[in-house]
Amino acid sequence: MASSSPRTLLLLVLAVAVVVSDAQSQLSETFYDATCPQAASIVQQKVNAFVDADRGLAAALMRLHFHDCFVRGCDGSVLLNSTDTMLTEKEALLNKGSLRGFEQIDEIKMELECACPGVVSCADILALVARDATAKVGGTSWPVFLGRIDGGASFADEVNSSLPERTDNFTQLVARFARVGLDARDMVILSGGHSIGQVHCGAFFERLYNFQGLNITDPSMDPEFAAILKVQCPQTKPFGFMALDATNGTFDSAYYLDLLTNKGLLESDVALLSDPLGVEYAIRAVQDPMAFLNEFGWAMIKMGAIPALEPYGWRRHCAFVEPKY
């Protein structure tokens, strides 16, 4: 398939611009030009250093933005620590022991506060970090629209009903994305975020060892791949780790090739091929990897425009709620 044409990319840019304008009219690429012009470069330099030291952080930092936006909108609420009166999103079953990168976000925030006190929101830091972490490991960059307002509340009990789950089928995935204003195509593209990162072996044990309760391997899984998984993820090691795709650590379209060759891990990943839209896009991504990289960026822009449910103010420390600024 031919590479994406300039006209196609222009149409994508215009479409996303309309979405951003409709969702949060204050978002702008130039939001901090007058108040903190060095913000983006500070974030990029810190992210590059973090990922150079630990390449696995790229997936973790991208994931923070996903988990933030799907619960209460893109408001930085995923970063808040629990208090005596509030059990926050960090403590939810789907997040606790799974998310990481909080210390790195705090370090970035501290440097930004030294340069521009009380200016850059935590939610905007997450958006910039997700872009820079993805680009650092092979993805293409994309424009980040800024001006998000941090939230002042975070509730663990809102997480499980908001985030996509590893056992979701195609219809359930579409429904979860629709709740935050994203369509089925967005879901299929953003699922490509699993191009980087790892997952606990236990997350796919049912497919590997007890498919549909029958004590067999999912017959749709490539037999040679299943045999490799059983060596690397024996039933005695549910907390071992397995890369989500064949090129772990590099952001590319290999995730979709894995799905097409029956080497997907999670039920929710394999579910993409249960619908013609998912099959069509997976084939397209494999045939035109650059198109996928570009479209992932535009889908991230659209996700990043999910409005905050209850905007509070710019937090000086991302883990705590303080008086409004």
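Residues: numbered from 1 along the sequence shown.
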I need the L64 CG to L61 CG distance, nearest 0.5 Å. 6.0 Å

So, do V78 and K90 sit near enough that their side-chain heavy atoms are less than 4.5 Å apart? no

Side chains of I149 and Y312 in contact at under 4.5 Å (non-hydrogen atoms): no

Given side-chain contact (heavy atoms from CB on, under 4.5 Å), test R55 with T250 step by step and report yes or no. CA-CA 9 Å; R55 195 170 179 86; T250 300; 4.0 Å; yes

Step by step, would you call I108 with V129 a side-chain contact (heavy atoms from CB on, under 4.5 Å)? CA-CA 9 Å; I108 292 171; V129 163; 3.6 Å; yes

L163 side chain reached by H67 side chain, heavy atoms, under 4.5 Å: yes

Please evaluate residues R284 and E280 with respect to the criterion salt bridge (Lys or Arg N to Asp or Glu O under 4.0 Å), reporting the C-alpha separation (whole Å), side-chain torsions for both, the decisive distance (0.1 Å), and the verdict. CA-CA 6 Å; R284 169 180 162 78; E280 178 185 354; over 6 Å; no

On the 0 to 90° scale, with breaks at 30° and 60°, tag the F292-F251 ring pair as parallel, tilted or perpendicular. parallel

Under 3.5 Å, is there a donor on one side chain and an acceptor on the other for S220 and D218? yes

Using a strict 4.0 Å threshold on nitrogen-to-oxygen distance, state whether R207 and E267 make a salt bridge. no

Checking E89 against S154: is there a side-chain donor and acceptor pair closer than 3.5 Å? yes

Nearest non-hydrogen partners of H65 and C74, listed with the distance: CE1-SG, 4.3 Å

Worked verdict on V188 versus F170 for side-chain contact (heavy atoms from CB on, under 4.5 Å): CA-CA 9 Å; V188 174; F170 192 90; 4.1 Å; yes

From M303 CE over to M187 CE, what is the distance, rounded to the nearest 0.5 angstrom? 14.5 Å

Once rounded to the nearest 0.5 Å, what's the spacing between atom OG1 of T247 and atom CG of D258? 7.5 Å

Is it true that L87 and L309 fall in one hydrophobic cluster, defined by side-chain heavy atoms closer than 4.5 Å? no

For R63 and S98, does a side-chain donor sit closer than 3.5 Å to a side-chain acceptor? yes

Separation between SG (C318) and CG (D106), nearest 0.5 Å, reads 6.0 Å

Please give me the minimum heavy-atom distance between A58 and V137, naming the atom from each residue. CB-CG1, 3.7 Å

Full working for side-chain contact (heavy atoms from CB on, under 4.5 Å) between V231 and I228: CA-CA 5 Å; V231 172; I228 293 172; 5.9 Å; no

Any link between V180 and I301 through a network of hydrophobic side chains (Ile, Leu, Val, Met, Phe, Trp, Tyr) touching at under 4.5 Å? yes

Evaluation steps, salt bridge (Lys or Arg N to Asp or Glu O under 4.0 Å), between R316 and E322: CA-CA 7 Å; R316 287 187 181 272; E322 304 135 326; over 6 Å; no

F211 side chain reached by P219 side chain, heavy atoms, under 4.5 Å: yes

So which atom in R179 and which in S161 form the shortest heavy-atom distance, rounded to 0.1 Å? NH1-O, 2.9 Å

Should V321 and F155 be regarded as members of a common hydrophobic cluster, given that ILVMFWY residues are connected when their side-chain heavy atoms come within less than 4.5 Å of each other, either directly or indirectly? no

Test of understanding: clusters of I, L, V, M, F, W, Y form through side-chain heavy atoms closer than 4.5 Å, transitively. Do L260 and I189 belong to the same one? yes

Find the distance between CG (N262) and CD (E224) and round it off to the nearest 0.5 Å. 12.0 Å

Is there side-chain contact between K46 and E107, with heavy atoms separated by less than 4.5 Å? yes

Do T217 and K230 have side-chain atoms, one donor and one acceptor, less than 3.5 Å apart? yes

Below 4.5 Å, heavy atoms only, C-beta onward: do Y281 and P276 meet side chain to side chain? no

Taking E113 for its side chain and G118 for its backbone only, find out whether a donor-acceptor pair lies under 3.5 Å. yes

How close do C36 and V120 get, counting heavy atoms only, and between which atoms? SG-CG2, 4.0 Å

Side-chain donor-acceptor pair present, H194, D245, cut-off under 3.5 Å: no

Closest non-hydrogen atoms of A123 and G76, given as atom of the first, atom of the second and distance, are CB-N, 3.7 Å

Side chains of M300 and V144: does their closest heavy-atom pair fall under 4.5 Å? no

So, do L126 and I105 sit near enough that their side-chain heavy atoms are less than 4.5 Å apart? yes

T83 (side chain) donor-acceptor with M86 (main chain) under 3.5 angstrom: yes

Hydrophobic cluster (4.5 angstrom, side-chain heavy atoms) - remaining members for Y209: V199, F204, F205, L208, M221, F225, L229, M242, L244, L265, L266

One pair to check against side-chain hydrogen bond (donor to acceptor under 3.5 Å, both in side chains): S77 and D75. What are the steps and the verdict? CA-CA 5 Å; S77 58; D75 67 346; 2.7 Å; yes

Polar side-chain atom of N95 near backbone of E91 as donor-acceptor pair, under 3.5 Å: no

Distance flag, aromatic centroids of F31 and F145, threshold under 6.0 Å: no

Under 4.5 Å between side-chain heavy atoms, hopping through other hydrophobics if needed: is there a path connecting V270 to Y255? no

Where is the tightest heavy-atom contact between P164 and L173, given as atom of each residue plus distance? CB-CD2, 4.0 Å

From D168 CG over to F177 CZ, what is the distance, rounded to the nearest 0.5 angstrom? 9.5 Å

Between H200 (side chain) and G202 (backbone), is there a donor-acceptor pair under 3.5 Å? no

Do any N or O atoms from the side chain of D54 and from the backbone of V51 form a donor-acceptor pair under 3.5 angstrom? no

Show every side chain to side chain donor-acceptor pair (under 3.5 Å) that has at least one partner inside residues 122-145, sequence neighbours left out. Y32-D124, D52-K136, S121-D124, D124-R148

